[in-house]
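All values below were derived from every heavy atom in this structure, side-chain atoms included, with hydrogens, water molecules and symmetry-related copies excluded.
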Amino acid sequence: MASGCHFFSIPIPRIRPNRRCLRASQSPPPPASALTSTLPFLPKTLSEIRNSRVIACLRAKGGMLAMEAARAALKGGISVLEVMLSTPDASMVIQELLKENPFSIIGAGAVLNVDDAREAMNAGAKFLMSPGTVIEILHEVEGTGVLYIPGVMTPTEVLRAFEAGAKLVKVYPATILGGGKYISALKRPFPHIPIVASQGISIDSIKQYIDAGTTAVVLSDAIFDKNAMKQGDFVTIRRLAGSAISKVAQAGITAQQQASAHKN
């Protein structure tokens with residue numbers, strides 16, 4: 001009889017449970033690192049950019065110069081700061097600034113590829129900005145909580161970036177394309193897409209861009225004046241940062257007054 005039962009000795013493979021079907025109480029606990037992940041950064045970063053309306057863009061010839069210039073701008077009232085990766089020791093600058101200013105939004109600019117993105121994220125950057133759209137970077141930041149702001153120029157590029165997952169796009173080069181008038185034209189078909197304007201924007205033109213519908217403007221030389229950077233004149237940089245913030249406040253008051261006038 002035993003010889004006729006050999007087929008019962010064939011091992012039956014164990015069926016592994018589908019982890020997706022496990023109840024929450026049965027799922028393994030998340031690693032400790034996940035509890036302190038960067039996921040809260042994304043809504044906070046977006047919110048701060050919307051509230052500040054100004055992103056100060058810093059490029060410098062050296063790490064120490066970048067640190068001092070950034071400190072001056074932050075003391076002047078800047079809360080969102082972009083450090084260009086073309087700046088020597090940019091990652092170190094980002095790390096140190098975040099240590100000194102844990103509540104400020106410090107990000108990286110001139111992020112051209114995935115390697116740049118990883119370098120900036122490892123340094124703690126809360127947002128990444130590119131002159132063009134790099135789809136691979138959009139994929140890289142998924143689930144990290146880091147905000148990627150791709151560069152766009154045409155309506156097609158705006159739409160493609162947004163449909164690919166961008167929550168904010170940067171129109172570059174804004175002044176060459178037509179300034180506030182161009183932004184206003186873009187916002188007509190895309191009122192639901194938040195836009196940041198970048199390149200050649202002065203403090204005096206901030207209101208023009210805000211009125212056109214931009215979420216924020218990127219200010220580079222307008223805050224980090226070339227002569228001030230050459231001379232290490234951080235007092236001037238702090239003053240210019242304060243002027244930019246004041247101009248935003250004035251533009252906001254004007255907008256509120258215009259809205260009240262229309263209601264009346």
Can you see which heavy atom on L240 is nearest to which on I203, and at what distance? O-CD1, 3.5 Å
Quick check: does any side chain N or O of D89 sit under 3.5 Å from a backbone N or O of M92, one acting as donor and the other as acceptor? no
Let me check something: do I149 and Y172 share a hydrophobic cluster, defined by ILVMFWY side-chain heavy atoms less than 4.5 Å apart, either directly or through other members? no
Interatomic distance, OG1@T236 vs CD1@I223, rounded to 0.5 Å, equals 13.0 Å
Answer yes or no: is there a side-chain heavy-atom contact under 4.5 Å between L168 and F127? no
Given 3.5 Å as the limit, does a donor-acceptor pair link the side chain of K247 with the main chain of D204, or not? no
For the pair R160 and E163, find out whether any cationic side-chain nitrogen is under 4.0 Å from an anionic carboxylate oxygen. no
Answer yes or no: is there a side-chain heavy-atom contact under 4.5 Å between V171 and V152? yes
Indicate the atoms forming the closest heavy-atom contact of A244 with V54, along with that distance. O-CG2, 4.5 Å
Quick one, M67 and L97 - any side-chain contact, counting heavy atoms below 4.5 Å? yes
With rounding to the nearest 0.5 angstrom, report the OG to CG distance, S86 to D116. 10.0 Å
Scanning both residues in full, the closest heavy-atom pair of V93 with A66 reads CG2-CB, 4.1 Å
Do any N or O atoms from the side chain of T214 and from the backbone of Y209 form a donor-acceptor pair under 3.5 angstrom? yes
Enter the distance from R53:CZ to L219:CG here, rounded to the nearest 0.5 Å. 12.5 Å
Donor-acceptor check, side chain of T133 to backbone of G151, threshold 3.5 angstrom: yes or no? yes
Looking at every heavy atom in both A241 and A73, which two are closest together, and how far apart are they? CB-O, 3.6 Å
Minimum side-chain heavy-atom gap M229-I237 below 4.5 Å: yes
Derivation of the side-chain contact (heavy atoms from CB on, under 4.5 Å) call for I245 and I78: CA-CA 7 Å; I245 299 303; I78 292 297; 4.0 Å; yes
Hey, does Y148 have a side-chain heavy atom less than 4.5 Å from the side chain of E140? no
Short question: side chain of K75, backbone of A70 - any donor-acceptor pair under 3.5 Å? no
Just so I know, are the side chains of L147 and I49 near enough to count as touching, which here means a heavy-atom distance under 4.5 Å? yes
Nearest-0.5 Å distance, CD of residue E157 to CG of residue L159: 11.0 Å
Take a 6.0 Å sphere around NZ of K167 and say whether it holds more than 12 heavy atoms from other residues, nucleotides or ligands. no
If we check side chain to side chain contact (heavy atoms under 4.5 Å, CB included) with I106, which of these qualifies: T45, L98, L58? L98
Would you find a donor on one side and an acceptor on the other, under 3.5 Å apart, between the side chain of K126 and the backbone of S104? yes
With the 4.5 Å side-chain cut-off for hydrophobic clustering, are M84 and L81 part of the same group? no
Which heavy atom in G213 sits nearest to a heavy atom in K187, and how many Å separate them? O-CE, 3.5 Å
Is the backbone N or O of A90 less than 3.5 Å from a side-chain atom of T87, with the two atoms forming a donor-acceptor pair by type? no
Please lay out, stage by stage, how I105 and K44 fare under the test side-chain contact (heavy atoms from CB on, under 4.5 Å). CA-CA 9 Å; I105 304 299; K44 181 182 177 183; 4.2 Å; yes
I need the D211 CG to S184 OG distance, nearest 0.5 Å. 9.5 Å
Contact between L112 and V134 at the side-chain level, heavy atoms closer than 4.5 Å - yes or no? no
So CD1 of I201 and OG of S220: to nearest 0.5 Å the spacing works out to 10.5 Å
Assess whether side-chain contact (heavy atoms from CB on, under 4.5 Å) is satisfied between V146 and L128, documenting all intermediate values. CA-CA 7 Å; V146 175; L128 312 175; 3.9 Å; yes
Under 3.5 Å: donor-acceptor pair, side chain of S205, backbone of Q208: no
Got a donor-acceptor contact below 3.5 angstrom from the R59 side chain to the V83 backbone? no
Would you call I55 and M129 a side-chain contact if the rule is heavy atoms closer than 4.5 Å? yes
Checking side-chain contact (heavy atoms from CB on, under 4.5 Å) for the pair M121/V141: CA distance, chi angles, key distance, verdict? CA-CA 9 Å; M121 288 191 290; V141 302; 4.1 Å; yes
Where do A108 and I94 come nearest, in terms of heavy atoms and distance? CB-CD1, 3.9 Å
